[in-house]
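Computed from a predicted model, the values in this text were never measured in an experiment. Just so you know, ligand 1 is whichever comes first in the structure, and atom 1 is the first atom listed for that ligand.
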Amino acid sequence: MAFGFFKKKDKPAPDVPAPAPVSAPTDAGPEEAAPAKKGLLNRLTKAISKTRMILSRRVLGLVGMGQKIDDEILDKLEEAMIEADFGVETTGFLMDVVRGAWKNGTIETTDQVLPFLQQDLKHRLTHRGNALRFAENGPTVILVVGVNGAGKTTSVAKLAWYLTSIGKKVVLAAADTFRAAAVEQLKTWSQRIGCEIVTGPERADPASVAHRGAERLLELSADVLLVDTAGRLHTQKNLMDELRKIHAACAAKKIAGAPHETILVLDATTGQNALNQAEMFKQAAQVTGLFLAKLDGTAKGGAVLTINEKVEIPVKFVGLGEGVDDMQAFDADQFVDALFDLKDLAPAKAQP
Ligand code: GDP
């Protein structure tokens, strides 16, 4: 079978940003890479600015004044969120949280609503652990799954870029052999990023490409194998079969514990649809983390909250644009602070 290799180039092409930008921790430990703390806040804030501005402006008059909370105020808050197109799902979820806290006495006045929500949401978004998990010993294998058009290929390239930028030697396995264009796209990315890629003939068994990828991972003593699976949901059985074979391919190469992550790429602009996909993939595969692509393209950035809550899989990365560096390891603190920018709300307190 003719597998292709693209060798790592000495230097990344000029249109690729220099590795290790501020998003990348340089001292990532062997088990987990800590998310970035600085530098990309503005970018994230900008990406979710549609959601943020809507939320801030509409909710401003309702929660800034420090009145006693009552049912009427909560109904108005709910209306404002729905009118602001925050999304029925997200509004419902947020209001349940607020109502619950009011009923059990955690909050009493309107000025406590947003600080409480911030704290509560940060906990909900972080308690499952958002950092990418690496193998304790030896190389790490990461599978990437998702439906066509979700942004899977781009997100695989982004992950390769991110991992390279934190000093990992990466091998890509372009196992989505049913889409020649996706393989070509990934080849181009790999050349720009400067990482090796393993490809197979069109329509080859994806597991065979993953197998060859695992071989190259070991031959090169690389750190991470990223497998772009064909794992779409034609049928759940289809996906499960493919993943099972990939597991077996890794086991055959004695890569302990592989795959160490199975990342599901979801299109954040699709709301309910993304939720449904997450549920289905969860049933078919052991998804360990989410990559929410296209967060820059939605006025419903709050969807991150509902997806996190409903599918109970931690958000690990967000996509913030079409470029290979337009991504960020998900940082819940930054995200929630950006979503509910309390500084925006401050003038309301001074108003009569
Ligand atoms: P795939 O079919 O799931 O492999 O999806 P692709 O990776 O080919 O992406 C589909 C489209 O979404 C392409 O035009 C990408 O450039 C675009 N895309 C992917 N991720 C993002 C993102 O985070 N933000 C934006 N704005 N576009 C993205």
Within the 4.0 Å heavy-atom cut-off, what V147 brings close to ligand 1 is backbone
Under a 4.0 angstrom heavy-atom cut-off, which atoms of ligand 1 come close to K158? 20 (N), 21 (C), 22 (C), 23 (O)
Give yes if a backbone or side-chain nitrogen or oxygen of A293 is under 3.5 Å from a nitrogen or oxygen of ligand 1, and no if not. no
Within a radius of less than 6.0 Å around CD of E279, do more than 12 heavy atoms belonging to other residues, nucleotides or ligands occur? yes
Atoms in ligand 1 with a heavy atom of L320 nearer than 4.0 Å: 23 (O)
For the CG atom on N104, are there more than 12 heavy atoms of other groups (residues, nucleotides or ligands in this structure) within a distance under 6.0 Å? yes
Can you name the atoms of ligand 1, numbered from 1 with element, that are less than 4.0 Å from a heavy atom of G319? 23 (O)
Going by an N to O cut-off under 4.0 Å, is there a salt bridge joining K152 and D228? yes
When you measure from atom 7 (O) of ligand 1 to every protein heavy atom, which one gives the shortest distance, and what is it? T154 OG1, 2.5 Å
Give a yes or no on whether a salt bridge exists between K245 and E242, defined as a side-chain N under 4.0 angstrom from a carboxylate O. no
So, does Q185 sit close enough to ligand 1 that a heavy atom of it is under 4.0 Å from the ligand? yes
Hey, which atoms in ligand 1 end up nearer than 4.0 Å to a heavy atom of K152? 1 (P), 3 (O), 4 (O), 5 (O), 7 (O)
Would you say G321 and ligand 1 have an N/O pair spaced under 3.5 Å apart? yes
N or O pair under 3.5 Å between D326 and ligand 1: no
With the threshold set at 4.0 Å, does a side-chain nitrogen-carboxylate oxygen contact exist between E79 and K76? no
Who's the nearest protein heavy-atom neighbour of atom 10 (C) of ligand 1, and how far? G149 O, 4.0 Å
Whether over 12 other heavy atoms sit under 6.0 Å from Q283 CD: yes
Would S155 count as a polar contact of ligand 1, with the cut-off being nitrogen or oxygen pairs under 3.5 Å? no
Could you list which atoms of ligand 1 come closer than 4.0 Å to a heavy atom of N148? 2 (O), 3 (O)
R128, CZ: over 12 other non-hydrogen atoms inside 6.0 angstrom: yes
Between L121 and L74, is there a shared hydrophobic cluster once you connect ILVMFWY residues whose side-chain heavy atoms come closer than 4.5 Å? yes
What protein heavy atom lies closest to atom 28 (C) of ligand 1? Include the residue and the distance to one decimal. K294 CG, 3.6 Å
Suppose I only count heavy atoms of E322 and a 4.0 Å limit; which atoms of ligand 1 are within that range? 14 (O), 15 (C), 16 (O), 17 (C), 25 (C), 27 (N), 28 (C)
Side-chain donor-acceptor pair present, E261, T288, cut-off under 3.5 Å: yes
Geometric N/O contact R179 with ligand 1, under 3.5 angstrom: yes
Side chain, backbone, both or neither: D296 near ligand 1, heavy atoms under 4.0 Å: side chain
I need the nearest protein heavy-atom contact for atom 4 (O) of ligand 1: residue, atom name and distance, please. T153 OG1, 2.5 Å
Does the structure place the NZ or CZ of K158 under 6.0 Å from the centre of the six-membered ring of F291, at an angle of no more than 45° from the ring's axis? no
Short N-O contact, R99 and D96, less than 4.0 angstrom: no
